[in-house]
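In each ligand, atom 1 is the first atom listed, and ligand 1 is the first ligand listed. These figures come from a predicted structure and were not determined experimentally.
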Amino acid sequence: AKALGEKVSYFHQDMNLAIEHKKQLTKALNLAVADNQLKLFYQPKVLPDTGDIVGFEALIRWQHEEFGYISPAEFIPLAEETGLIEPLGEWIILEAARQAGEWVKLGYTELKVAVNLSPKQFISARLAQVISESIENSGIQPSNLELEITESMLMENVESAILVMEQFSRQGINISLDDFGTGYSSLSYLKRFPIHTLKIDRSFVAQLASDNDDAKIVATIITMAHTLGLKVVAEGVETKEQMLFLQGRRCDQLQGYYFSRPVSALEATELLNRSFSNLI
Ligand code: C2E
Ligand code: MG
Ligand code: MG
Ligand code: MG
């Protein structure tokens, strides 16, 4: 009985720690948003034939002076839970569009900057307004902006999700289905979603060279996407072997540490001035 009692109290201690940790993090996140401590980094999307950069994905970064680096995988769900995603998500869209505007002014008029949307953002009534504003303020074309959404975001209310997507699509904004292959959406939905691009989840790309099944899955996704008139981006490309496989299968764009980690806007601008032709 004593052993059980100890276990129970450890369990409570762990729970309390977890709750305490979450409270602290929430407080810190609120301060960080108010204090502009969050930054957007940019990871290039590269053409497999030339190594040219055709776009960037904006990824949020939070370096806390005391806690160190905190991953968006940890704090974005927290921001969702607490409602902080509203102001934060708005800032992400406006800032990414502003940066896209800088690049367009430098002459990169075809560049696409992708923003990840969280589930709450996607169903927010203000989203369309914020996106329109971001385009107007920055002077970019709608085609300079891309939205990355995940299958799970679409499945809760398929019909209204399709309406939201159609609205953006008509405006000329590209929509990418992120982490493709990890969700539950059926292929019949895929046909109905007005999306432009599939992003193959990096869990499939990681084992390309060593796992024959993954290689077949990736090849099949690429073929299927092309048959449906969609572009395909592979995320998480880390090795030359993976790059060559995807290039051979006519994957449209590649993204991953093999080319570049997500970098600051300043470094991203430097990357734009050269291409990755040396890595192809
Ligand atoms: P995601 O949208 O699927 O982003 C891809 C993640 O993979 C990023 O992690 C990126 O840094 C990482 N990655 C890219 N290339 C490689 C590679 O070659 N190898 C490996 N191992 N990883 C690679 P990150 O930045 O930590 O973001 C994690 C997730 O957090 C994102 O997944 C996205 O769902 C979310 N997230 C990030 N930024 C934002 C944002 O601004 N808004 C929202 N709503 N979500 C965001
Ligand atoms: Mg993404
Ligand atoms: Mg992804
Ligand atoms: Mg992913």
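- Using a 4.0 Å cutoff on heavy atoms, R261 does not count as a contact of ligand 1.
- The shortest N/O to N/O separation between R202 and ligand 1 falls below 3.5 Å.
- Residue-ligand proximity, D178 to ligand 1, at heavy-atom distances under 4.0 Å covers atoms 1 (P), 2 (O), 3 (O).
- Annotation for ligand 1: atoms under 4.0 Å from non-hydrogen atoms of E238 are 17 (C), 18 (O), 19 (N), 20 (C), 21 (N).
- Selection from W91, Y258, Y257 by nearest heavy atom to atom 16 (C) of ligand 1 gives Y257.
- Considering backbone and side-chain N/O atoms, I60 comes within less than 3.5 Å of an N/O atom of ligand 1.
- Near S118, meaning under 4.0 Å from any of its heavy atoms, are these atoms of ligand 1: 44 (N).
- With a 6.0 Å radius and a threshold of 12 heavy atoms from other residues, nucleotides or ligands, E110 has its CD atom at or below the threshold.
- For ligand 1, the atoms sitting less than 4.0 Å from at least one non-hydrogen atom of E235 are 3 (O), numbered in the order shown with element in parentheses.
- Residue contact annotation: N116 places an N/O/S atom under 2.8 Å from the Mg ion (ligand 2).
- Within ligand 1, counting atoms from 1 as listed, the ones closer than 4.0 Å to a heavy atom of L117 are 44 (N).
- An angle of 90° is found at the Mg ion (ligand 2) between D178 atom OD2 and E148 atom OE1, rounded to 10°.
- A salt bridge between E166 and R192 is absent, with no side-chain N of the basic residue lying under 4.0 Å from a carboxylate O of the acidic one.
- At least one heavy atom of E57 lies less than 4.0 angstrom from ligand 1.
- Below 4.0 Å from some heavy atom of V237 lie the following atoms of ligand 1, by number and element: 18 (O).
- The Mg ion (ligand 2) is closest to atom OE2 of E57 (considering only N, O or S atoms).
- Per-residue contacts place N116 under 4.0 angstrom from the following atoms of ligand 1 (heavy atoms of the residue considered): 2 (O), 42 (N), 43 (C), 44 (N), 45 (N), 46 (C).
- Heavy atoms of R61 found under 4.0 angstrom from ligand 1 belong exclusively to the side chain.
- Residue pairs meeting the ring-ring contact (aromatic ring centres under 6.0 Å, His included) criterion with at least one partner in residues 66-90, sequence neighbours excluded, are W62-F75, H64-F67.
- In the displayed structure, E156 atom CD is contacted under 6.0 Å by at most 12 heavy atoms of other residues, nucleotides or ligands.
- Counted within 6.0 Å of OH on Y189, heavy atoms from surrounding residues, nucleotides or ligands total 12 or fewer; the atom is thus considered open.
- Near Q43, with a cut-off below 4.0 Å to any heavy atom, the atoms of ligand 1 are 14 (C), 15 (N).
- L106 and F56 fall within a single hydrophobic cluster, where Ile, Leu, Val, Met, Phe, Trp and Tyr side chains are chained together by heavy-atom contacts under 4.5 Å.
- For I92, every heavy-atom contact with ligand 1 shorter than 4.0 Å involves the side chain, none the backbone.
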Side-chain polar contacts of residues 98-105 - donor-acceptor pairs under 3.5 angstrom, sequence neighbours left out - could you list them?
{"unit_1": "R98", "atom_1": "NE", "unit_2": "E95", "atom_2": "OE1", "d": "3.1"}
{"unit_1": "R98", "atom_1": "NH2", "unit_2": "E95", "atom_2": "OE2", "d": "2.9"}
{"unit_1": "W103", "atom_1": "NE1", "unit_2": "T269", "atom_2": "OG1", "d": "2.9"}

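- Neither side chain, N144 nor Y108, offers a donor N or O lying under 3.5 Å from an acceptor on the other.
- Here K216 does not pair with D211 in a salt bridge; the nearest charged N to carboxylate O distance is not below 4.0 Å.
- A donor-acceptor contact closer than 3.5 angstrom links the side chains of S264 and E267.
- Using a cutoff of 4.0 Å between basic side-chain nitrogens and carboxylate oxygens, K199 and E146 are not scored as salt-bridged.
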